[in-house]
Amino acid sequence: MDTLEKLKILTDAAKYDVSCSSSGSNRKNTSKGLGNGHVSGICHSWSEDGRCISLLKILYTNKCIYNCEYCINRSSNDIKRVEFTPREVADLTINFYRRNYIEGLFLSSGIVKNPDYTMEMLIEVADILRNKYFYNGYIHMKAIPGSSPDLVKKMGLLVDRMSINVELPTEESLKILAPQKSIKAIESSMGFAKEKIVQRKNEIQLYRHTPNFLPAGQTTQMIIGAAKESDFDIMKRSENLYKDYELKRVFYSAFVPVVKSEFTKDVKKAPLLREHRLYQADWLLRFYGFKANDLLNEKNNNFDLRIDPKTSWAINNIEKFPVEINKASYYTLMKIPGIGRVSARKIINARKYRKLKYENLKDLNISVKRARNFIMVDGKYMGARFKDKSDLKNRMSDSSSFEQLSFFG
Ligand code: SF4
């Protein structure tokens, strides 16, 4: 089979993997090298916000000895199986990179033979790119849980970012839907990667030249909606993952029923809007100082899809509002729906010189459309007169269309 045909099959097989956005890698070109990864992702894009840049996103192989219930590549699924060679993947990357089609490589794989063997193949791809083609662009690879720590270390020294997928929000779901995977193996690989990242951070304080280990950090992915976990379960899991493994990102992938499975036969495709709400909430955990317990609880354990999590939190805590824009702290300001970190900073700076009025907010390019129900400006409230929380929720929800555009139609 020629490379192009393999490419068609293995790009298609990789499309359900969502953890491909890039972030702050800083890898400089060398005199005989090619490409350049820097803090704005690869080449041109600033991706601290998680935006995807153009990557060649493929599987090394769709051959897999595992039989995960949700995966199109599971061993019992009757599909055409193909496998690249490490050299083929490296050549494709370089050729696409030279033509400016891509800014980096995102490589994952089915598990062929065993985790160590698969890791060795992936490492060989990275090794050819870095040490034969002197490619300094972005590489994001999936590490295979259960592979030996030495191989995780080798990969971490070659690539910018590594993902080790937790796959599902709870151990119970993992046991049912991916019985050949173990939470212990996944967490042990993540723990090892974290240890090396921290070690490198410490060493760089002491020595000028110390090998770079995962400059863009590690991430993980979990499928949502394949089992019964609530949004609260998912948020708690993410919160712990960020805390325990210093992850850069948790990616959420709405379950899509692509294969016949006894366990998922009655499970419908998870709404993409749910995935979107989880990403919004995840952002609040990482940058706004929210905790999972602030956003949800055992009783109200799922996000209201009609409304974004920050607005929902503000309405549930309406007794904390309205806040006076001229007095509120930075942290209080950024918790107001419609006011983000940048706007909060602008307000703090502007009010050093004068007492702000509504028209001043407009001058600062701050829209009060969402915020008006939660603020007072110079003693004036210009929000809605609502009866209670549910009345306000109805007024603020987007009743038009909730459907988020699908990538894959
Ligand atoms: S290990 Fe599981 S999720 Fe990964 S390719 Fe194989 S069957 Fe799919």
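The first residue of the sequence shown is numbered 1, and numbering continues consecutively from there. In each ligand, atom 1 is the first atom listed, and ligand 1 is the first ligand listed.
- In this structure, the ring pair (Phe, Tyr, Trp, His ring centres under 6.0 Å) partners of F96, at least two apart in sequence or on a different chain, are Y101.
- For the 3.5 Å distance criterion, the side chains of N394 and S397 fail to qualify, holding no donor opposite an acceptor.
- For Y245, there are no ring pair (Phe, Tyr, Trp, His ring centres under 6.0 Å) partners two or more places apart in sequence or in a different chain.
- Sorted by chain and number, the protein atoms of type N, O or S within less than 2.8 Å of atom 2 (Fe) of ligand 1 are C68 SG.
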Legend entry - Test side-chain hydrogen bond (donor to acceptor under 3.5 Å, both in side chains) applied to N67 and R74, step by step: CA-CA 4 Å; N67 203 30; R74 62 187 298 207; 2.9 Å; yes
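- For the residue pair T210 and E203, a side-chain donor N or O sits within less than 3.5 Å of a side-chain acceptor on the partner.
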Show me the side-chain donor-acceptor pairs of residues 183-192 shorter than 3.5 Å, one per line, residues at least two apart or across chains.
from, atom 1, to, atom 2, distance (Å)
E187, OE2, R237, NH1, 3.2
E187, OE2, R237, NH2, 3.2
S189, OG, A185, O, 3.2

